[in-house]
Amino acid sequence: MAFAMLDAPRAARALLTASAVRERSAKMLELGIDGRLTAFTVVMDRLPAAADLVVEVIRANYPDLVIPFHARWRHFVAGGRDLGAELLARIADPTERGRTAFDLAIVSVLLDAGAGMAWRYRDAATGAELSKSEGLAVASLRMFEAGAFAADGVSPRADAARLAAITAADIAAGFQVGPENPLVGLEGRAALLARLGAVAANAPAVFGNRDTPRPGGLFDHLAAAAEDGRLPATAILAAVLAYLGPIWPSRVTLGGIALGDCWHHPLIRAGDASDGLIPFHKLSQWLSYSLIEPLESAGLTVTHVGGLTGLPEYRNGGLFVDMGVLALRDPAMAGADNTVDSALVVEWRGLTVALLDAIAPLVRERLNLSAEDFPLARVLEGGTWAAGRRLAREKRSDGGPPIRVVSDGTVF
């Protein structure tokens with residue numbers, strides 16, 4: 001027992017990595033293939049058909065195979081306009097443009113948990129009516145553009161002091177929420193932004209001096225960490241987990257360290273104090289992917305993008321369920337109130353990460369592309385996420401996921 005206690009902080013730090021997500025998700029897939037999971041069975045013979053569909057979707061959406069990385073920036077398009085690019089183009093100074101891009105990406109990703117099936121956002125400037133991720137993105141961008149996250153109330157930026165004071169009512173107003181337009185997890189979203197403000201204010205060495213701390217200060221911190229103009233994507237994730245980690249609810253702690261998006265599953269064995277734990281860091285990795293482009297736009301080269309994992313969310317996960325790669329042992333559970341800490345959801349997420357790693361080489365083989373030319377970030381965007389959405393629309397009238405998950409606005 002004493003050894004386990006001493007070992008706990010080291011084991012906890014090891015869980016705060018993409019490699020831990022990948023390794024433990026691979027163990028989950030092994031358990032599934034062996035028929036040992038409680039909620040799912042795995043049919044790997046169905047994976048080639050899923051790869052065929054992903055390739056079909058890629059060729060339809062990107063016939064030239066020029067595919068950007070999976071990132072929040074893809075969701076700022078409305079009415080045929082790239083609203084994110086338009087906003088950043090107004091900023092002449094490249095460093096300030098990078099900080100502003102970080103401000104926007106960080107705030108928008110924290111607001112990007114599942115919206116529920118009823119919510120819509122109507123964008124007056126473009127006339128577009130949007131839902132799900134695109135609606136959340138454009139709503140957050142419009143609030144950002146109007147100065148809703150700025151200390152002065154007018155500038156397109158996010159300031160720690162204003163974020164720390166944000167309320168659910170503020171988000172509701174900006175996101176057009178009302179009795180006829182409900183948004184899932186409203187309180188959770190506001191709490192995340194308030195904690196972001198507090199975290200930024202308390203770490204001036206990372207987020208800027210105490211007079212004007214902002215999430216965008218992380219841009220300067222990461223740019224300074226680059227060596228010869230090169231920065232590994234895993235270093236971005238490490239910074240996000242280290243400096244933004246306190247934002248997430250502390251559901252699981254180990255050795256006094258909060259583990260964020262990390263969950264219990266009794267069959268995941270590690271032989272140390274982290275036995276029974278599997279991390280995902282979904283929103284942290286989604287954010288890390290979304291910070292790559294601002295850094296590269298500033299002239300840096302982001303390397304080792306493949307070090308990040310696929311994202312364990314319901315579009316990617318839905319692809320494998322709808323294609324029959326994954327099957328519930330009890331089909332009735334698809335419509336149950338499955339919580340994010342349930343064995344069913346934990347298994348689904350772990351299996352999704354591992355199956356994304358398994359499907360990526362099949363997709364590349366069909367496209368005759370190398371892993372270097374077509375990293376997982378492009379497979380996701382091209383890709384598995386879009387294929388999962390297409391199947392959802394074809395199979396269910398509301399376009400929702402094949403398995404119901406009760407979200408609090410801080411995980412999915």
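Keep in mind that this is a model prediction, so the values were computed, not measured. Positions are given from 1 along the sequence.
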Look only at the side chain of Arg120 and the backbone of Met117, and say whether a donor-acceptor pair between them is shorter than 3.5 Å. yes
Can you list the steps and then say if Asp64 with Arg59 is a salt bridge (Lys or Arg N to Asp or Glu O under 4.0 Å)? CA-CA 8 Å; Asp64 58 3; Arg59 291 196 181 280; over 6 Å; no
For His221, which residues count as a ring pair (Phe, Tyr, Trp, His ring centres under 6.0 Å) partner, sequence neighbours excluded? Tyr243
If I compare all heavy atoms of Ala78 with all of Ala128, which pair ends up nearest, and what's the gap? CB-CB, 4.2 Å
Anything under 3.5 Å between a donor and an acceptor, one on a side chain of residues 30-43, the other on a protein residue two or more places apart or in another chain? List them.
| residue | atom | partner | partner atom | Å |
| --- | --- | --- | --- | --- |
| Thr38 | OG1 | Glu347 | OE2 | 2.8 |
| Thr41 | OG1 | Ala327 | O | 3.4 |

Show me the donor-acceptor pairs within less than 3.5 Å that the side chains of residues 352-362 make with the rest of the protein, sequence neighbours left out.
| residue | atom | partner | partner atom | Å |
| --- | --- | --- | --- | --- |
| Thr352 | OG1 | Trp348 | O | 2.7 |
| Asp357 | OD1 | Arg22 | NH2 | 3.2 |
| Asp357 | OD2 | Arg22 | NE | 2.7 |

CZ on Arg90 to OG1 on Thr100, rounded to 0.5 Å: 11.5 Å
If we only count heavy atoms from C-beta on, is the Ile58 to Arg378 side-chain gap below 4.5 Å? no
Output every pair passing side chain to side chain donor-acceptor pair (under 3.5 Å) with a member in residues 295-306, not counting sequence neighbours, ordered by first then second residue. none
Could you list the donor-acceptor pairs under 3.5 angstrom formed between side-chain atoms of residues 169-179 and any protein atom two or more places apart in sequence or on another chain?
| residue | atom | partner | partner atom | Å |
| --- | --- | --- | --- | --- |
| Asp170 | OD2 | Arg162 | NH2 | 3.2 |
| Asp170 | OD2 | Thr167 | N | 3.0 |
| Asp170 | OD2 | Thr167 | OG1 | 3.0 |
| Gln176 | OE1 | Arg122 | N | 2.9 |
| Gln176 | NE2 | Arg122 | O | 2.9 |

Salt bridge (Lys or Arg N to Asp or Glu O under 4.0 Å) between Asp123 and Arg142: does it pass, once the steps are laid out? CA-CA 9 Å; Asp123 185 49; Arg142 292 306 191 194; 2.8 Å; yes
If we ignore hydrogens and angles and just use 3.5 Å, is the side chain of Gln285 paired with the main-chain N or O of Phe280 as donor and acceptor? yes
Among residues at least two apart in sequence or on other chains, which ones pass ring pair (Phe, Tyr, Trp, His ring centres under 6.0 Å) with His75? Trp286, Trp385
For Asn368, does the CG atom sit with more than 12 other heavy atoms under 6.0 Å from it, leaving out its own atoms? no
Closest approach of Asp322 and Ala392, non-hydrogen atoms and distance? OD2-N, 4.1 Å
Residues forming a side-chain hydrogen bond (donor to acceptor under 3.5 Å, both in side chains) with Arg269, sequence neighbours excluded: Asp275
Criterion side chain to side chain contact (heavy atoms under 4.5 Å, CB included) against Ile247, the qualifying member of Leu192, Leu283, Ile106: Leu192
Would you sort out whether Ser108 and Arg72 count as a side-chain hydrogen bond (donor to acceptor under 3.5 Å, both in side chains), showing the intermediate values? CA-CA 8 Å; Ser108 190; Arg72 191 58 165 159; 2.9 Å; yes
Minimum heavy-atom distance Arg404-Asp337, with the two atoms named: NE-OD1, 2.6 Å
Once side-chain hydrogen bond (donor to acceptor under 3.5 Å, both in side chains) is applied, do any residues pair with Arg329, and if so which ones, sequence neighbours excluded? none
Gap between atom CG of Leu196 and atom CZ of Arg214 - 0.5 Å precision: 12.0 Å
Would you say the side-chain atoms of Asn338 pair up with the backbone N or O of Val405, donor to acceptor, closer than 3.5 Å? no
Distance from Asp261 atom CG to Leu241 atom CG, nearest 0.5 Å? 10.0 Å
Compare every heavy atom of Val325 with every heavy atom of Ala50, then report the nearest pair and how far apart it is. CB-CG2, 4.4 Å
Sequence neighbours excluded, which residues qualify as side-chain hydrogen bond (donor to acceptor under 3.5 Å, both in side chains) partners of Glu365? none
Rounded to the nearest 0.5 Å, how far does CZ of Arg349 lie from OG of Ser25? 9.5 Å
Which residues share a side-chain hydrogen bond (donor to acceptor under 3.5 Å, both in side chains) with Arg46, sequence neighbours left out: none
Filter on side chain to side chain donor-acceptor pair (under 3.5 Å), then keep only pairs touching residues 228-242, sequence neighbours left out; what's left? none
Keeping the roles fixed (side chain from Asn316, backbone from Leu311), state whether a donor-acceptor pair exists under 3.5 Å. yes
Should we count CD of Glu394 as having more than 12 external heavy atoms under 6.0 Å? yes
With rounding to the nearest 0.5 Å, note down the distance linking CH2 in Trp73 to CD1 in Ile292. 12.5 Å
Can you list the residues that meet the side chain to side chain contact (heavy atoms under 4.5 Å, CB included) rule with Val252, with sequence neighbours excluded? Leu259, His264, Leu277
Is there a side-chain hydrogen bond (donor to acceptor under 3.5 Å, both in side chains) between Arg315 and Ser133? Walk through the geometry before answering. CA-CA 11 Å; Arg315 291 304 181 200; Ser133 288; over 6 Å; no
Write down the atom of Ala223, the atom of Leu300, and the distance for their closest heavy-atom approach. CA-CD1, 3.8 Å
